[in-house]
Amino acid sequence: MSTITARAISTRRLDLLPLHVEHAAEMAGVLSDPALHAFVGGVPDTPQTLRSRYQRVIAGSPDPTVSWLNWVMRLRDESCLTGTVQATISSSNQGLLAEIAWVTGTPWQGRGIATEAARGLVDWLSQQPVQTIIAHIHPEHQASAAVATAAGLTPTDEWHEGEIRWHRSIRR
């Protein structure tokens, strides 16, 4: 498999910065609202727990055929982190597949930040040797469905762990 590594991505208002352990303290605050876990479950991580998770994620997948790419979203005008985007790259029958996800902290929701970040990520992935992009979205999560639509993904009739699989093929 071709190795793809996270690189900085810039959009109109955002810098998507490759994840570093040092982001954990600020991100713990960004992700501290329990409402962010309504569809995915769990509770907000403490800064220490998030730091440990970031160390594991940055170390990479134990499977050499899978790449974990993670970014924090930095809103340039406010000079603060607002959320994360991620892509897990693996091989499929159709070539490289990127499974993407995003989360925006509650104070920044409703401002198009997740949409801008997801579009930036999908545009960047489209320049990599990726053939397919997918996301899994809870059927009641209208905001994430809107983000996926804006990023060019469409829902399928496939389900994965209670979520709908969304799909986009990259045309070369």
Side-chain angles (χ1 to χ4, degrees), residues 1-11 13-76 78-92 96-109 113-125 127-130 132-138 141 143-144 147-148 151 160-163 165-166:
M1 180 174 101
S2 167
T3 301
I4 301 173
T5 57
R7 303 274 186 239
I9 302 168
S10 291
T11 67
R13 299 177 294 164
L14 302 170
D15 292 317
L16 305 181
L17 305 171
L19 181 70
H20 291 285
V21 172
E22 293 76 24
H23 293 131
E26 186 175 354
M27 285 306 301
V30 169
L31 303 174
S32 65
D33 186 349
L36 291 175
H37 299 270
F39 293 106
V40 296
V43 297
D45 286 327
T46 65
Q48 298 81 8
T49 303
L50 203 53
R51 185 177 182 82
S52 294
R53 178 162 21 123
Y54 286 179
Q55 287 172 332
R56 288 189 306 275
V57 167
I58 291 166
S61 170
D63 182 342
T65 66
V66 175
S67 296
W68 292 343
L69 287 68
N70 293 270
W71 294 262
V72 292
M73 299 181 231
R74 182 181 163 278
L75 186 59
R76 278 193 298 277
E78 297 179 24
S79 192
C80 64
L81 301 182
T82 62
T84 62
V85 291
Q86 63 188 47
T88 299
I89 312 291
S90 59
S91 294
S92 73
L96 290 183
L97 173 119
E99 183 174 344
I100 65 170
W102 52 84
V103 63
T104 303
T106 305
W108 299 278
Q109 292 179 0
I113 291 171
T115 296
E116 186 173 331
R119 282 180 174 159
L121 176 60
V122 167
D123 289 348
W124 183 83
L125 287 167
Q127 298 169 24
Q128 308 305 313
V130 170
T132 306
I133 299 173
I134 63 168
H136 295 102
I137 300 174
H138 191 282
H141 200 314
S144 274
V147 169
H160 177 77
E161 297 179 3
E163 296 180 320
R165 181 178 169 146
W166 288 62

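All values reported here derive from a predicted model rather than from experimental measurement. Computation of the quantities below employed the complete heavy-atom set of this structure, encompassing side-chain atoms and omitting hydrogens, waters and symmetry-equivalent molecules.
Contact record, Ala117 with Met73: CB-SD, 3.5 Å, taken as the closest heavy-atom pair. Contact between Trp108 and Glu78 at its shortest, heavy atoms only, is NE1-OE1, 3.5 Å. Of all non-hydrogen atoms in Ala25 and Pro47, the two that sit nearest each other are CA-CB, 4.4 Å. Shown here for Trp68 and Pro62, the closest heavy-atom pair between the two residues is CH2-CD, 3.8 Å. Nearest heavy atom pair, residue Asp15 against residue Ser10, reads OD1-OG, 3.0 Å. Of all heavy-atom pairs between Ile9 and Gly120, the closest is CG2-O, 3.9 Å.
Residues Leu96 and Ser91 have side chains in contact (heavy-atom distance under 4.5 Å, counting atoms from C-beta outward). Annotation: side chain of Val122 is not in contact with side chain of Arg119 (no heavy-atom distance under 4.5 Å). Two residues are said to be in side-chain contact when any heavy atoms from C-beta on lie closer than 4.5 Å; Val30 and Val72 fail this criterion. Between Thr84 and Leu19 the shortest side-chain heavy-atom distance does not fall below 4.5 Å. No side-chain heavy atom of Leu69 sits under 4.5 Å from any side-chain heavy atom of Thr5. For the pair Arg74 and Ser79, the minimum side-chain heavy-atom distance is below 4.5 Å. Looking only at side-chain heavy atoms (C-beta outward), Phe39 and Ser144 stay at 4.5 Å or farther from each other. The side-chain heavy atoms of Trp71 and Leu17, taken from C-beta on, include no pair separated by under 4.5 Å.
Partners of His160 under the side chain to side chain contact (heavy atoms under 4.5 Å, CB included) rule, at least two apart in sequence or in another chain, are His136. Remark: Ala148 engages Trp102, Ile137, Leu153, Trp166 in a side chain to side chain contact (heavy atoms under 4.5 Å, CB included) (not counting sequence neighbours).
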Checklist entry - Are Leu14 and Leu75 close enough, and set up right, to give a side chain to side chain contact (heavy atoms under 4.5 Å, CB included), and what steps lead you there? => result CA-CA 5 Å; Leu14 302 170; Leu75 186 59; 3.8 Å; yes
Checklist entry - Taking it one step at a time, do Tyr54 and Met27 satisfy side chain to side chain contact (heavy atoms under 4.5 Å, CB included)? => result CA-CA 11 Å; Tyr54 286 179; Met27 285 306 301; 3.4 Å; yes
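The side chain to side chain donor-acceptor pair (under 3.5 Å) pairs that include a residue from residues 32-47 are Asp33-Thr106, Asp45-Arg53, Thr46-Gln48, Thr46-Thr49, where partners are two or more places apart or lie in different chains.
The side-chain contact (heavy atoms from CB on, under 4.5 Å) test with Leu31 singles out one residue from Thr104, Leu36, Leu81, and that residue is Leu36.
Thr11 and Arg13 share no donor-acceptor pair across their side chains, judged by distance under 3.5 Å alone.
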